[in-house]
2 protein chains.
Amino acid sequence: MVNPQVSMSDERRERVLDAAQRLFLKYGYDKTTVSDIAHEAGISKGAVYLAFDSKEAVMDALLMREGERVQEDMLARMRADPNGGALFALYRYGLEALSDNALMRAFYGRRREVFGDTLRRLEPRIADAESRSMSVEFVRHYQQAGLIRPELDPHAVAFLLMFMRYGLLTIDEVVPRDQSPPLAVIGALIAEVLQLGLAPLGGGDAEAGKRLFEALSRAALDRLKRQPAPPNTPSEEGGTS
Amino acid sequence: MVNPQVSMSDERRERVLDAAQRLFLKYGYDKTTVSDIAHEAGISKGAVYLAFDSKEAVMDALLMREGERVQEDMLARMRADPNGGALFALYRYGLEALSDNALMRAFYGRRREVFGDTLRRLEPRIADAESRSMSVEFVRHYQQAGLIRPELDPHAVAFLLMFMRYGLLTIDEVVPRDQSPPLAVIGALIAEVLQLGLAPLGGGDAEAGKRLFEALSRAALDRLKRQPAPPNTPSEEGGTS
DNA sequence: TTCTGACCAGAAAGACGATTTCGGTCATAT
DNA sequence: ATATGACCGAAATCGTCTTTCTGGTCAGAA
(Lines give C-alpha, C1' and ligand atoms only; values in the text may rest on other atoms or scores of the structure.)
Protein backbone atom coordinates (compact mmCIF):
# COMPACT_ATOMS: atom_id res chain seq x y z
CA MET A 1 0.00 0.00 0.00
CA VAL A 2 2.75 2.40 0.83
CA ASN A 3 4.45 3.61 -2.27
CA PRO A 4 8.03 2.36 -2.05
CA GLN A 5 9.16 4.96 -4.51
CA VAL A 6 10.39 8.07 -2.78
CA SER A 7 9.19 10.99 -4.80
CA MET A 8 10.45 14.50 -4.65
CA SER A 9 7.55 15.35 -2.43
CA ASP A 10 9.78 14.52 0.52
CA GLU A 11 10.51 18.14 1.09
CA ARG A 12 6.81 18.81 0.90
CA ARG A 13 6.24 16.32 3.67
CA GLU A 14 8.84 17.98 5.81
CA ARG A 15 7.22 21.35 5.38
CA VAL A 16 3.85 19.93 6.33
CA LEU A 17 5.37 18.36 9.39
CA ASP A 18 7.09 21.59 10.34
CA ALA A 19 3.83 23.48 10.00
CA ALA A 20 1.89 20.87 11.90
CA GLN A 21 4.43 20.88 14.70
CA ARG A 22 4.22 24.61 15.14
CA LEU A 23 0.44 24.62 15.14
CA PHE A 24 -0.03 21.55 17.32
CA LEU A 25 2.25 23.01 19.95
CA LYS A 26 0.61 26.39 19.79
CA TYR A 27 -3.07 25.52 19.47
CA GLY A 28 -3.27 21.80 20.11
CA TYR A 29 -4.21 18.97 17.79
CA ASP A 30 -7.95 19.43 18.05
CA LYS A 31 -7.96 23.13 17.40
CA THR A 32 -5.65 22.83 14.42
CA THR A 33 -7.47 22.10 11.19
CA VAL A 34 -5.99 20.53 8.13
CA SER A 35 -6.61 23.78 6.30
CA ASP A 36 -4.56 25.58 8.93
CA ILE A 37 -1.70 23.17 8.39
CA ALA A 38 -1.90 23.59 4.63
CA HIS A 39 -1.95 27.34 4.94
CA GLU A 40 0.96 27.39 7.36
CA ALA A 41 2.90 25.14 5.01
CA GLY A 42 2.05 27.39 2.09
CA ILE A 43 0.24 24.72 0.08
CA SER A 44 -3.35 23.74 -0.45
CA LYS A 45 -5.34 21.36 1.64
CA GLY A 46 -5.48 18.81 -1.12
CA ALA A 47 -1.71 18.75 -1.26
CA VAL A 48 -1.60 17.71 2.37
CA TYR A 49 -3.63 14.68 1.42
CA LEU A 50 -1.21 13.90 -1.36
CA ALA A 51 1.50 13.58 1.24
CA PHE A 52 -0.44 12.00 4.08
CA ASP A 53 -3.42 9.73 4.32
CA SER A 54 -5.10 11.57 7.13
CA LYS A 55 -4.66 14.13 9.84
CA GLU A 56 -3.78 11.36 12.24
CA ALA A 57 -1.11 10.16 9.84
CA VAL A 58 0.45 13.62 10.02
CA MET A 59 0.58 13.35 13.78
CA ASP A 60 2.07 9.87 13.58
CA ALA A 61 4.73 10.89 11.11
CA LEU A 62 5.55 13.93 13.18
CA LEU A 63 6.02 11.90 16.32
CA MET A 64 8.16 9.44 14.47
CA ARG A 65 10.36 12.18 13.07
CA GLU A 66 10.77 13.97 16.38
CA GLY A 67 11.40 10.71 18.17
CA GLU A 68 14.24 9.99 15.80
CA ARG A 69 15.57 13.48 16.25
CA VAL A 70 15.62 13.07 19.99
CA GLN A 71 17.43 9.82 19.62
CA GLU A 72 19.99 11.34 17.26
CA ASP A 73 20.43 14.22 19.65
CA MET A 74 20.99 11.91 22.56
CA LEU A 75 23.48 9.80 20.66
CA ALA A 76 25.35 12.91 19.59
CA ARG A 77 25.59 14.14 23.15
CA MET A 78 26.76 10.75 24.26
CA ARG A 79 29.42 10.45 21.58
CA ALA A 80 30.73 13.90 22.35
CA ASP A 81 31.43 12.91 25.92
CA PRO A 82 34.43 10.61 26.34
CA ASN A 83 32.75 9.22 29.43
CA GLY A 84 29.35 9.15 27.80
CA GLY A 85 28.77 5.45 28.24
CA ALA A 86 28.39 5.57 31.96
CA LEU A 87 24.86 5.15 33.14
CA PHE A 88 24.72 8.61 34.60
CA ALA A 89 25.70 10.22 31.32
CA LEU A 90 23.28 8.13 29.30
CA TYR A 91 20.35 8.99 31.43
CA ARG A 92 21.33 12.61 31.56
CA TYR A 93 21.69 12.97 27.83
CA GLY A 94 18.47 11.15 27.23
CA LEU A 95 16.65 13.50 29.52
CA GLU A 96 18.29 16.58 28.12
CA ALA A 97 17.55 15.58 24.56
CA LEU A 98 13.95 14.88 25.46
CA SER A 99 13.54 18.08 27.40
CA ASP A 100 14.89 20.10 24.54
CA ASN A 101 12.22 18.82 22.20
CA ALA A 102 8.96 20.51 23.03
CA LEU A 103 6.78 18.08 21.16
CA MET A 104 8.30 14.98 22.68
CA ARG A 105 8.18 16.56 26.09
CA ALA A 106 4.48 17.13 25.60
CA PHE A 107 4.18 13.57 24.31
CA TYR A 108 5.77 11.98 27.33
CA GLY A 109 3.93 14.40 29.58
CA ARG A 110 0.68 13.28 27.97
CA ARG A 111 -0.39 16.87 27.55
CA ARG A 112 -3.99 16.88 26.64
CA GLU A 113 -3.86 20.51 25.56
CA VAL A 114 -1.47 19.46 22.83
CA PHE A 115 -2.72 16.06 21.75
CA GLY A 116 -6.38 16.41 22.48
CA ASP A 117 -8.54 13.46 21.65
CA THR A 118 -5.86 11.51 19.83
CA LEU A 119 -4.06 11.12 23.11
CA ARG A 120 -6.04 7.98 23.81
CA ARG A 121 -4.93 6.56 20.51
CA LEU A 122 -1.32 7.42 21.22
CA GLU A 123 -1.28 6.23 24.80
CA PRO A 124 -0.09 2.69 24.04
CA ARG A 125 2.73 4.07 21.97
CA ILE A 126 3.87 6.34 24.76
CA ALA A 127 3.86 3.45 27.16
CA ASP A 128 5.78 1.41 24.63
CA ALA A 129 8.37 4.10 24.10
CA GLU A 130 8.71 4.58 27.80
CA SER A 131 9.27 0.98 28.62
CA ARG A 132 11.56 0.61 25.64
CA SER A 133 13.95 3.30 26.74
CA MET A 134 14.34 2.28 30.35
CA SER A 135 12.89 -1.16 30.66
CA VAL A 136 13.77 -3.91 33.04
CA GLU A 137 15.63 -5.58 30.20
CA PHE A 138 17.69 -2.46 29.72
CA VAL A 139 18.63 -2.44 33.36
CA ARG A 140 19.57 -6.11 33.26
CA HIS A 141 21.83 -5.49 30.30
CA TYR A 142 23.53 -2.73 32.18
CA GLN A 143 23.95 -4.89 35.20
CA GLN A 144 25.57 -7.56 33.09
CA ALA A 145 27.85 -4.93 31.58
CA GLY A 146 28.84 -3.88 35.07
CA LEU A 147 27.36 -0.41 34.87
CA ILE A 148 24.68 -0.93 37.49
CA ARG A 149 25.35 -2.76 40.71
CA PRO A 150 24.18 -6.32 40.29
CA GLU A 151 22.56 -6.65 43.70
CA LEU A 152 19.92 -4.01 42.93
CA ASP A 153 16.45 -5.15 41.98
CA PRO A 154 16.17 -4.43 38.24
CA HIS A 155 12.44 -3.84 38.48
CA ALA A 156 12.91 -1.24 41.16
CA VAL A 157 15.73 0.45 39.28
CA ALA A 158 13.72 0.56 36.07
CA PHE A 159 10.79 2.00 37.93
CA LEU A 160 13.00 4.59 39.60
CA LEU A 161 14.42 5.71 36.28
CA MET A 162 10.94 5.80 34.85
CA PHE A 163 9.22 7.89 37.46
CA MET A 164 12.17 10.24 37.70
CA ARG A 165 11.92 10.96 34.02
CA TYR A 166 8.18 11.24 34.24
CA GLY A 167 8.45 13.67 37.12
CA LEU A 168 11.03 15.82 35.44
CA LEU A 169 9.11 15.99 32.19
CA THR A 170 5.73 16.67 33.74
CA ILE A 171 6.50 18.89 36.70
CA ASP A 172 6.50 21.98 34.55
CA GLU A 173 2.75 21.77 34.71
CA VAL A 174 3.26 22.81 38.29
CA VAL A 175 6.53 24.68 38.37
CA PRO A 176 6.99 26.81 35.28
CA ARG A 177 10.05 25.88 33.35
CA ASP A 178 11.63 29.28 33.78
CA GLN A 179 11.39 29.04 37.54
CA SER A 180 13.29 25.78 37.71
CA PRO A 181 17.06 25.56 37.80
CA PRO A 182 18.56 25.32 34.33
CA LEU A 183 18.34 21.91 32.76
CA ALA A 184 22.09 21.55 32.54
CA VAL A 185 22.40 21.94 36.30
CA ILE A 186 19.61 19.46 36.95
CA GLY A 187 21.01 17.05 34.41
CA ALA A 188 24.39 17.17 36.02
CA LEU A 189 22.95 16.56 39.47
CA ILE A 190 20.78 13.69 38.29
CA ALA A 191 23.79 12.19 36.59
CA GLU A 192 25.88 12.50 39.69
CA VAL A 193 23.26 11.10 42.01
CA LEU A 194 22.51 8.15 39.77
CA GLN A 195 26.16 7.45 39.22
CA LEU A 196 26.88 7.41 42.94
CA GLY A 197 23.66 5.67 43.78
CA LEU A 198 23.37 2.97 41.14
CA ALA A 199 26.78 2.36 39.62
CA PRO A 200 29.39 0.14 41.17
CA LEU A 201 32.40 1.73 42.77
CA GLY A 202 34.63 3.01 40.03
CA GLY A 203 31.73 3.55 37.66
CA GLY A 204 32.23 0.56 35.40
CA ASP A 205 33.54 0.47 31.86
CA ALA A 206 32.25 3.56 30.09
CA GLU A 207 33.26 2.32 26.64
CA ALA A 208 31.33 -0.88 27.07
CA GLY A 209 28.33 1.16 28.13
CA LYS A 210 28.57 3.36 25.11
CA ARG A 211 28.65 0.40 22.75
CA LEU A 212 25.87 -1.36 24.58
CA PHE A 213 23.60 1.62 24.58
CA GLU A 214 24.17 2.38 20.96
CA ALA A 215 23.34 -1.17 20.00
CA LEU A 216 20.27 -1.32 22.19
CA SER A 217 18.82 1.94 21.04
CA ARG A 218 19.46 1.22 17.38
CA ALA A 219 17.76 -2.12 17.72
CA ALA A 220 14.80 -0.54 19.43
CA LEU A 221 14.41 2.10 16.77
CA ASP A 222 14.66 -0.42 13.98
CA ARG A 223 12.04 -2.55 15.61
CA LEU A 224 9.80 0.46 15.85
CA LYS A 225 10.31 1.35 12.21
CA ARG A 226 9.56 -2.17 11.11
CA GLN A 227 6.23 -1.99 12.84
CA PRO A 228 4.10 -0.98 9.85
CA ALA A 229 1.27 1.18 11.10
CA PRO A 230 -0.30 1.91 14.42
CA PRO A 231 -3.38 -0.23 14.92
CA ASN A 232 -6.55 1.67 14.40
CA THR A 233 -8.59 1.98 17.55
CA PRO A 234 -11.99 3.15 16.40
CA SER A 235 -12.93 3.95 20.00
CA GLU A 236 -14.81 0.72 20.29
CA GLU A 237 -17.62 1.04 22.68
CA GLY A 238 -20.91 -0.67 23.07
CA GLY A 239 -23.01 -2.95 25.14
CA THR A 240 -23.02 -6.71 25.30
CA SER A 241 -26.36 -7.03 23.59
CA MET B 1 -15.27 34.46 64.52
CA VAL B 2 -14.26 30.91 65.28
CA ASN B 3 -15.77 29.77 68.50
CA PRO B 4 -12.87 29.20 70.87
CA GLN B 5 -14.93 26.90 73.02
CA VAL B 6 -14.51 23.33 71.96
CA SER B 7 -17.86 21.73 72.22
CA MET B 8 -18.64 18.06 72.32
CA SER B 9 -19.46 18.24 68.65
CA ASP B 10 -15.85 17.39 67.95
CA GLU B 11 -16.72 13.78 67.42
CA ARG B 12 -19.49 14.92 65.10
CA ARG B 13 -16.94 16.80 63.04
CA GLU B 14 -14.76 13.75 62.81
CA ARG B 15 -17.63 11.64 61.59
CA VAL B 16 -18.46 14.20 58.95
CA LEU B 17 -14.86 14.26 57.85
CA ASP B 18 -14.74 10.48 57.73
CA ALA B 19 -17.86 10.39 55.62
CA ALA B 20 -16.64 13.15 53.35
CA GLN B 21 -13.32 11.44 52.86
CA ARG B 22 -14.95 8.20 51.81
CA LEU B 23 -17.29 9.91 49.39
CA PHE B 24 -14.78 12.34 47.94
CA LEU B 25 -12.39 9.52 47.18
CA LYS B 26 -15.11 7.34 45.74
CA TYR B 27 -17.19 9.82 43.76
CA GLY B 28 -15.15 13.02 43.73
CA TYR B 29 -15.87 16.36 45.32
CA ASP B 30 -18.25 17.58 42.65
CA LYS B 31 -20.41 14.50 42.59
CA THR B 32 -20.69 14.34 46.33
CA THR B 33 -23.51 16.46 47.73
CA VAL B 34 -23.75 17.78 51.23
CA SER B 35 -26.80 15.62 51.70
CA ASP B 36 -24.74 12.61 50.75
CA ILE B 37 -22.17 13.50 53.36
CA ALA B 38 -24.83 14.01 55.99
CA HIS B 39 -26.46 10.71 55.15
CA GLU B 40 -23.15 8.86 55.16
CA ALA B 41 -22.34 10.42 58.54
CA GLY B 42 -25.76 9.47 59.85
CA ILE B 43 -26.87 13.00 60.61
CA SER B 44 -28.98 15.62 58.90
CA LYS B 45 -27.78 18.14 56.40
CA GLY B 46 -28.38 21.00 58.81
CA ALA B 47 -26.09 19.33 61.32
CA VAL B 48 -23.28 19.42 58.81
CA TYR B 49 -23.69 23.16 58.68
CA LEU B 50 -23.55 23.32 62.47
CA ALA B 51 -20.10 21.84 62.29
CA PHE B 52 -18.78 23.50 59.14
CA ASP B 53 -19.41 26.76 57.41
CA SER B 54 -19.58 25.34 53.93
CA LYS B 55 -18.81 22.37 51.77
CA GLU B 56 -15.47 23.90 50.95
CA ALA B 57 -14.76 24.23 54.65
CA VAL B 58 -15.30 20.48 54.98
CA MET B 59 -12.74 19.88 52.27
CA ASP B 60 -10.31 22.28 53.92
CA ALA B 61 -10.67 20.69 57.32
CA LEU B 62 -10.30 17.26 55.81
CA LEU B 63 -7.09 18.18 54.06
CA MET B 64 -5.76 19.73 57.23
CA ARG B 65 -6.56 16.62 59.23
CA GLU B 66 -5.07 14.23 56.72
CA GLY B 67 -2.04 16.42 56.31
CA GLU B 68 -1.41 16.25 60.00
CA ARG B 69 -1.93 12.52 59.97
CA VAL B 70 0.64 12.12 57.25
CA GLN B 71 3.06 14.21 59.22
CA GLU B 72 2.45 12.20 62.38
CA ASP B 73 2.88 9.02 60.40
CA MET B 74 6.14 10.23 58.95
CA LEU B 75 7.48 11.31 62.31
CA ALA B 76 6.51 7.97 63.81
CA ARG B 77 8.35 6.10 61.10
CA MET B 78 11.34 8.32 61.56
CA ARG B 79 11.42 7.90 65.32
CA ALA B 80 11.09 4.16 65.03
CA ASP B 81 14.25 3.97 62.96
CA PRO B 82 17.45 4.50 64.93
CA ASN B 83 19.00 5.89 61.79
CA GLY B 84 15.87 7.79 60.85
CA GLY B 85 17.49 11.18 60.82
CA ALA B 86 19.56 10.52 57.77
CA LEU B 87 18.34 12.25 54.67
CA PHE B 88 17.59 9.04 52.89
CA ALA B 89 15.36 7.84 55.70
CA LEU B 90 13.54 11.14 55.99
CA TYR B 91 12.70 11.29 52.37
CA ARG B 92 11.71 7.69 52.29
CA TYR B 93 9.41 7.92 55.26
CA GLY B 94 7.87 11.08 53.95
CA LEU B 95 7.09 9.41 50.68
CA GLU B 96 5.79 6.26 52.28
CA ALA B 97 3.56 8.15 54.65
CA LEU B 98 2.21 10.20 51.79
CA SER B 99 1.69 7.24 49.54
CA ASP B 100 -0.21 5.42 52.24
CA ASN B 101 -2.77 8.20 52.51
CA ALA B 102 -5.07 8.03 49.54
CA LEU B 103 -6.46 11.50 49.93
CA MET B 104 -3.12 13.21 50.25
CA ARG B 105 -1.79 11.20 47.35
CA ALA B 106 -4.66 12.48 45.26
CA PHE B 107 -4.00 15.97 46.61
CA TYR B 108 -0.37 16.01 45.60
CA GLY B 109 -1.25 14.29 42.37
CA ARG B 110 -3.75 17.05 41.66
CA ARG B 111 -6.36 14.49 40.72
CA ARG B 112 -9.17 16.30 39.11
CA GLU B 113 -11.48 13.30 39.44
CA VAL B 114 -11.23 13.69 43.18
CA PHE B 115 -11.07 17.41 43.74
CA GLY B 116 -13.05 18.62 40.79
CA ASP B 117 -13.54 22.32 40.49
CA THR B 118 -12.10 23.17 43.88
CA LEU B 119 -8.74 22.04 42.62
CA ARG B 120 -8.06 25.50 41.31
CA ARG B 121 -8.78 26.93 44.72
CA LEU B 122 -6.48 24.40 46.37
CA GLU B 123 -3.66 24.69 43.87
CA PRO B 124 -1.73 27.39 45.74
CA ARG B 125 -1.91 25.36 48.90
CA ILE B 126 -0.51 22.29 47.18
CA ALA B 127 2.34 24.33 45.82
CA ASP B 128 2.90 25.78 49.25
CA ALA B 129 2.93 22.39 50.92
CA GLU B 130 5.23 21.05 48.26
CA SER B 131 7.78 23.77 48.58
CA ARG B 132 7.49 23.72 52.34
CA SER B 133 8.36 20.09 52.69
CA MET B 134 11.40 20.13 50.44
CA SER B 135 12.29 23.74 49.96
CA VAL B 136 15.61 25.30 49.27
CA GLU B 137 15.71 26.43 52.89
CA PHE B 138 15.22 22.86 53.97
CA VAL B 139 18.13 21.74 51.89
CA ARG B 140 20.32 24.52 53.21
CA HIS B 141 19.53 23.51 56.77
CA TYR B 142 20.51 19.97 55.96
CA GLN B 143 23.70 21.10 54.38
CA GLN B 144 24.57 23.09 57.48
CA ALA B 145 23.80 20.05 59.60
CA GLY B 146 26.17 18.03 57.46
CA LEU B 147 23.53 15.72 56.02
CA ILE B 148 23.79 16.90 52.44
CA ARG B 149 27.12 17.58 50.80
CA PRO B 150 27.78 21.30 51.00
CA GLU B 151 29.12 21.69 47.48
CA LEU B 152 25.78 20.75 45.89
CA ASP B 153 23.56 23.51 44.57
CA PRO B 154 20.67 23.69 47.04
CA HIS B 155 18.25 24.84 44.36
CA ALA B 156 19.06 21.87 42.21
CA VAL B 157 18.81 19.45 45.12
CA ALA B 158 15.47 20.87 46.21
CA PHE B 159 14.21 20.62 42.67
CA LEU B 160 15.43 17.04 42.37
CA LEU B 161 13.68 16.01 45.55
CA MET B 162 10.59 17.80 44.39
CA PHE B 163 10.23 16.30 40.97
CA MET B 164 11.11 12.86 42.23
CA ARG B 165 8.29 12.99 44.70
CA TYR B 166 6.00 14.45 42.09
CA GLY B 167 6.86 11.70 39.67
CA LEU B 168 6.39 8.94 42.18
CA LEU B 169 3.05 10.27 43.36
CA THR B 170 1.64 10.95 39.93
CA ILE B 171 2.97 8.14 37.81
CA ASP B 172 0.20 5.83 38.86
CA GLU B 173 -1.96 7.70 36.43
CA VAL B 174 0.15 5.93 33.84
CA VAL B 175 1.39 2.81 35.52
CA PRO B 176 -1.27 1.29 37.74
CA ARG B 177 -0.18 1.02 41.30
CA ASP B 178 -0.48 -2.74 41.35
CA GLN B 179 1.89 -3.08 38.42
CA SER B 180 4.65 -1.16 40.12
CA PRO B 181 7.14 -2.70 42.49
CA PRO B 182 5.94 -2.55 46.09
CA LEU B 183 6.39 0.78 47.76
CA ALA B 184 8.71 -0.61 50.39
CA VAL B 185 11.13 -1.76 47.69
CA ILE B 186 10.96 1.56 45.89
CA GLY B 187 11.30 3.47 49.12
CA ALA B 188 14.36 1.52 50.06
CA LEU B 189 15.97 2.07 46.67
CA ILE B 190 15.21 5.78 46.69
CA ALA B 191 16.65 6.03 50.15
CA GLU B 192 19.78 4.22 49.12
CA VAL B 193 20.30 6.24 45.96
CA LEU B 194 19.76 9.55 47.69
CA GLN B 195 21.97 8.59 50.56
CA LEU B 196 24.81 7.62 48.27
CA GLY B 197 24.18 10.46 45.90
CA LEU B 198 23.54 13.41 48.17
CA ALA B 199 24.91 12.67 51.61
CA PRO B 200 28.55 13.12 52.54
CA LEU B 201 30.66 10.06 53.01
CA GLY B 202 29.66 8.46 56.27
CA GLY B 203 26.14 9.75 56.06
CA GLY B 204 26.36 12.55 58.60
CA ASP B 205 24.94 12.71 62.09
CA ALA B 206 21.58 10.98 62.02
CA GLU B 207 20.62 12.23 65.46
CA ALA B 208 21.15 15.82 64.46
CA GLY B 209 19.08 15.22 61.37
CA LYS B 210 16.28 13.77 63.39
CA ARG B 211 16.18 16.74 65.73
CA LEU B 212 16.47 19.16 62.86
CA PHE B 213 13.70 17.61 60.88
CA GLU B 214 11.37 17.39 63.82
CA ALA B 215 11.89 21.05 64.59
CA LEU B 216 11.49 22.15 61.01
CA SER B 217 8.36 20.19 60.36
CA ARG B 218 6.75 21.24 63.63
CA ALA B 219 7.45 24.85 62.84
CA ALA B 220 6.03 24.50 59.35
CA LEU B 221 2.87 22.87 60.63
CA ASP B 222 2.39 25.50 63.29
CA ARG B 223 2.84 28.21 60.76
CA LEU B 224 0.23 26.60 58.60
CA LYS B 225 -2.21 26.30 61.47
CA ARG B 226 -1.74 29.93 62.39
CA GLN B 227 -2.73 30.92 58.90
CA PRO B 228 -6.42 31.64 59.51
CA ALA B 229 -8.33 30.79 56.36
CA PRO B 230 -7.44 30.18 52.76
CA PRO B 231 -8.03 33.31 50.73
CA ASN B 232 -11.15 33.19 48.69
CA THR B 233 -10.44 33.23 44.98
CA PRO B 234 -13.75 33.98 43.32
CA SER B 235 -12.35 32.95 39.96
CA GLU B 236 -11.52 36.50 39.06
CA GLU B 237 -11.57 36.99 35.37
CA GLY B 238 -12.01 39.97 33.16
CA GLY B 239 -10.35 42.67 31.17
CA THR B 240 -8.17 45.49 32.32
CA SER B 241 -10.87 48.09 31.92
C1' DT C 1 1.01 15.05 -14.04
C1' DT C 2 0.62 18.04 -10.14
C1' DC C 3 -1.98 20.70 -7.51
C1' DT C 4 -6.10 23.40 -6.20
C1' DG C 5 -10.20 24.81 -3.73
C1' DA C 6 -15.31 24.17 -4.03
C1' DC C 7 -18.00 20.70 -2.19
C1' DC C 8 -20.09 17.00 0.89
C1' DA C 9 -21.66 14.43 4.85
C1' DG C 10 -21.17 13.77 9.36
C1' DA C 11 -19.73 15.62 13.66
C1' DA C 12 -19.35 19.29 16.76
C1' DA C 13 -20.77 23.50 18.62
C1' DG C 14 -24.20 26.78 19.90
C1' DA C 15 -29.02 28.37 21.31
C1' DC C 16 -32.39 28.16 24.52
C1' DG C 17 -36.20 27.03 27.32
C1' DA C 18 -37.73 23.37 30.60
C1' DT C 19 -36.37 20.74 34.33
C1' DT C 20 -33.54 19.13 38.01
C1' DT C 21 -29.98 19.58 41.33
C1' DC C 22 -27.58 21.40 45.14
C1' DG C 23 -25.37 24.52 48.54
C1' DG C 24 -27.06 26.99 52.03
C1' DT C 25 -30.97 28.91 55.31
C1' DC C 26 -34.41 28.90 58.74
C1' DA C 27 -38.84 28.00 60.98
C1' DT C 28 -39.91 24.39 63.75
C1' DA C 29 -39.53 20.18 66.61
C1' DT C 30 -37.27 17.85 70.30
C1' DA D 1 -29.51 24.13 73.19
C1' DT D 2 -29.48 21.00 69.44
C1' DA D 3 -30.95 19.09 65.44
C1' DT D 4 -34.08 18.47 61.47
C1' DG D 5 -35.68 18.66 56.75
C1' DA D 6 -38.73 21.53 53.84
C1' DC D 7 -37.64 25.32 51.22
C1' DC D 8 -35.18 28.85 48.12
C1' DG D 9 -32.59 30.82 44.32
C1' DA D 10 -28.78 30.23 41.53
C1' DA D 11 -26.60 27.17 38.74
C1' DA D 12 -26.09 23.07 36.30
C1' DT D 13 -28.19 19.57 33.26
C1' DC D 14 -31.05 17.91 29.69
C1' DG D 15 -33.39 17.68 25.33
C1' DT D 16 -33.99 19.45 21.01
C1' DC D 17 -33.17 22.02 17.17
C1' DT D 18 -30.24 24.87 14.21
C1' DT D 19 -25.94 26.40 12.54
C1' DT D 20 -21.09 26.04 11.88
C1' DC D 21 -17.03 23.42 11.28
C1' DT D 22 -13.91 20.22 9.45
C1' DG D 23 -11.79 15.91 7.65
C1' DG D 24 -11.72 14.09 3.46
C1' DT D 25 -12.92 13.83 -1.88
C1' DC D 26 -12.77 14.96 -6.59
C1' DA D 27 -13.68 17.45 -10.95
C1' DG D 28 -11.08 20.37 -13.19
C1' DA D 29 -7.31 24.13 -13.61
C1' DA D 30 -2.39 24.75 -14.46
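Because only heavy atoms are used, hydrogens play no part in the values below, and waters and symmetry mates are left out as well, while side chains stay in. Naming: A, B, ... by sequence-line order, numbering from 1 per chain.
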Measure CD1/B:Ile37 against C1'/D:dT4 and give the value in whole Å, please. 17 Å

Atom CG of B:Leu50 and atom P of C:dT30: how far apart are they, to the nearest Å? 17 Å

If you check the A:Ser54 side chain, which of D:dT22, C:dG23, D:dG24 turns out closest? D:dG24

For ring-ring contact (aromatic ring centres under 6.0 Å, His included), just list the numbers for A:Phe24 and A:Tyr29, CA-CA rounded to whole Å, side-chain angles, deciding distance to a tenth of an Å, and then say yes or no. CA-CA 5 Å; A:Phe24 288 166; A:Tyr29 179 86; 5.3 Å; yes

Is any NZ, NE, NH1 or NH2 atom of the basic residue among B:Arg69 and B:Glu66 found under 4.0 Å from an Asp or Glu carboxylate oxygen of the other? yes

Which heavy-atom pair separates A:Leu23 from A:Thr32 by the least distance, and what is that distance? O-OG1, 3.4 Å

By nearest-heavy-atom nucleotide on DNA chain D, the more 5' of B:Ser44 and A:Asp30 is B:Ser44

Rounded off to whole Å, could you give me the OH-to-P distance for the A:Tyr49 and C:dG5 pair? 16 Å

Under 4.0 Å from OP1 or OP2 of D:dA3: is there any side-chain N or O of B:Arg12 that close? yes

Please report, rounded to the nearest Å, how far the C1' atom of D:dT22 is from the NZ atom of A:Lys31. 13 Å

Spacing of B:Phe52 atom CZ relative to C:dG23 atom C1', expressed in whole Å: 16 Å

Minimum heavy-atom distance A:Arg13-A:Ala61, with the two atoms named: NH2-CB, 4.1 Å

Quickly work out the A:Asp36 CG to C:dG5 C1' distance and round it to whole Å. 15 Å

Take the protein atom CG of B:Asp117 and the nucleotide atom C1' of D:dT13, then report the distance between them rounded to whole Å. 14 Å

Spell out yes or no: do the side chain of A:Lys55 and the base of D:dG24 have one donor N/O and one acceptor N/O closer than 3.5 Å? no

Rounding to a whole Å, what distance do you find between B:Lys45:NZ and C:dT25:P? 10 Å

